[in-house]
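From a predicted model like this one, the values you see are computed outputs, not experimental measurements. Counting convention: from 1, in listed order, for ligands and their atoms alike.
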Amino acid sequence: MTTGRVTYLDGPESVQLKEYELPTPADGDVLAEIVRANVCGSELHIWRGEHPYIDDGVLGHEALCRVVETGGDVRDSAGNALSPGDLIVPAYFATCGECVQCGRGNPEYCENAYKYWSRSPDEWPHFHGTFGTHYYVHDDQYAYRVPSDVDETAAAAANCALSQVLHGLGEVDLTLDETVVIQGAGGLGLNATAVATELGAETIVVDGVAQRLDRAREFGADHTIDLTEYETVEARCDRVHDLTDGLGADVAVEVTGVPAAIDEGFRLLGKGGRYLVMGNIIPGKEATIDPGLAVRKSVEVTTTMRYAPWRLHDALGFLSKHGDDYPFDELVDASYPLSDVDGALRDSANREVTRAALVTE
Ligand SMILES: [Zn+2]
Ligand SMILES: [Zn+2]
């Protein structure tokens, strides 16, 4: 094979597959083929034209890849030598090591995070996104070899939701015997439930879809609160207080993407609570909050976007150790060939499938 194809978004909800010569990797870089790539919720925002910075370009950020060729001797970010045939997962963003934020030790805020992703596919090395036959991994992108005991479906999602929640729950320092309320049982919420469970926390998951709450229990939720049963904020607050000896939760995690959930989170927390907000990622929406309530409880608010790239290594370690205890492999419920990337995006957007994967034809 000397050419490959990559998905190009040329305007809102309009994609085409473009074909290019396969690049020979530069020193330290890796050319990989895509084993499977997932259609993530944030991809749909880009596809619809809602992303604040990206309006055209390649698509795809979650993937499991197989090394085709390395530029010289290349090691993964944990020091393992990489050879053709090795399965790897790359962080979907670059950490340039040269900007102010990288210099401050905050690679998750790298000013050049999307320097490859945002390029036109016409620009070498063309394969800037994972919705393609191939993906080009640069030497300033963290990437890790996948342990052989990690399920391929789970590995393909590791560089997004699982790394994100490992980072976020680390930032709020969730510890043993704490109670955590997880607002939303989508991909981030389910991953957060499993991680919080393994950290020894007691988990309460809030969502309005019975099937998603069933799934949350499979991912370790100790308690679930159904929005259709507890219809008001007051009712949900009372329920959380009942479950926490009247104290409120120690930690709340917002992974709904719904602005109104923020004020509710403050109400579900107890005194000295920590609030991790990472589901509301689209600027321009507004929510009403009661700041006095938050201050009187001394709530600490943490927001996170992206993750320290070594969290991806933690994610693979988590899957190696605990992956079999949760149905990570069932989170993807539909597979599409790359040639039907349009169908995969449309069915995902219409919620006909929960999580679609593009698989090698
Ligand atoms: Zn994602
Ligand atoms: Zn940087």
Side-chain angles (χ1 to χ4, degrees), residues 7 9 28 34-48 50-54 57-65 77 89-119 128-132 135 138-143 153-168 184-192 195 255-257 278-282 304-312 315-316 319 328 331-334 336 341 344-345 348-349 351 353-358:
T7 302
L9 177 79
I34 298 295
V35 178
R36 50 194 307 134
N38 295 329
V39 179
C40 174
S42 56
E43 211 72 54
L44 296 174
H45 290 307
I46 300 171
W47 178 69
R48 288 193 196 99
E50 294 170 352
H51 195 280
Y53 314 119
I54 301 172
V58 296
L59 285 180
H61 63 277
E62 291 184 21
L64 173 68
C65 310
S77 303
V89 287
Y92 59 84
F93 50 90
T95 45
C96 75
E98 294 169 353
C99 71
V100 169
Q101 295 296 352
C102 282
R104 286 176 180 163
N106 299 319
E108 66 272 32
Y109 310 145
C110 177
E111 301 284 358
N112 300 306
Y114 301 137
K115 66 176 175 174
Y116 305 120
W117 198 5
S118 57
R119 281 185 194 170
H128 312 304
T130 63
F131 289 179
Y135 184 59
H138 296 260
D139 66 352
D140 56 3
Q141 258 176 293
Y142 279 66
T153 307
N159 77 343
C160 194
L162 182 54
S163 296
Q164 186 66 53
V165 303
L166 283 164
H167 180 83
L188 283 167
L190 295 173
N191 278 277
V195 172
V255 279
T256 61
M278 55 183 185
N280 273 274
I281 57 167
I282 303 299
T304 62
M305 179 74 202
R306 302 202 293 268
Y307 50 86
W310 44 88
R311 288 293 186 184
L312 177 52
L316 291 170
L319 290 171
F328 281 103
L331 291 183
V332 171
D333 57 350
Y336 297 78
V341 60
L345 286 158
S348 302
R351 296 186 176 246
V353 300
T354 306
R355 178 59 58 108
L358 295 166

**Report entry** Ring centroid separation Tyr307 to His167 under 6.0 Å
**Finding:** no
Requested in this report: Keeping the roles fixed (side chain from Arg355, backbone from Val39), state whether a donor-acceptor pair exists under 3.5 Å.
Outcome: yes
Query raised in the report: From the Zn ion (ligand 1) out to just under 2.8 Å, does an N/O/S atom of Glu62 turn up?
Result: yes
Query raised in the report: Sub-3.5 Å donor-acceptor pair from the side chain of Asn159 to the main-chain atoms of Pro90, do we have one?
Result: yes
**Report entry** Atoms named by residue and atom, protein N, O or S, within reach of the Zn ion (ligand 2) (under 2.8 Å)
**Finding:** Cys96 SG, Cys99 SG, Cys102 SG, Cys110 SG
Query raised in the report: Can you check side-chain contact (heavy atoms from CB on, under 4.5 Å) on Phe131 and Val58, steps first, answer last?
Result: CA-CA 8 Å; Phe131 289 179; Val58 296; over 6 Å; no
Requested in this report: Specify whether His138 and Tyr116 have parallel, tilted or perpendicular ring planes, treating 30° as the upper limit for parallel and 60° as the lower limit for perpendicular.
Outcome: parallel
Requested in this report: Indicate whether the side chain of Gln164 and that of Thr304 have a donor and an acceptor atom separated by less than 3.5 Å.
Outcome: yes
Query raised in the report: Taking the six-membered ring of Tyr114 as reference, does the NZ or CZ atom of Arg306 fall below 6.0 Å from its centre and within a 45° cone about the axis?
Result: yes
Query raised in the report: Of all N/O/S atoms in His61, which lies nearest to the Zn ion (ligand 1)?
Result: NE2
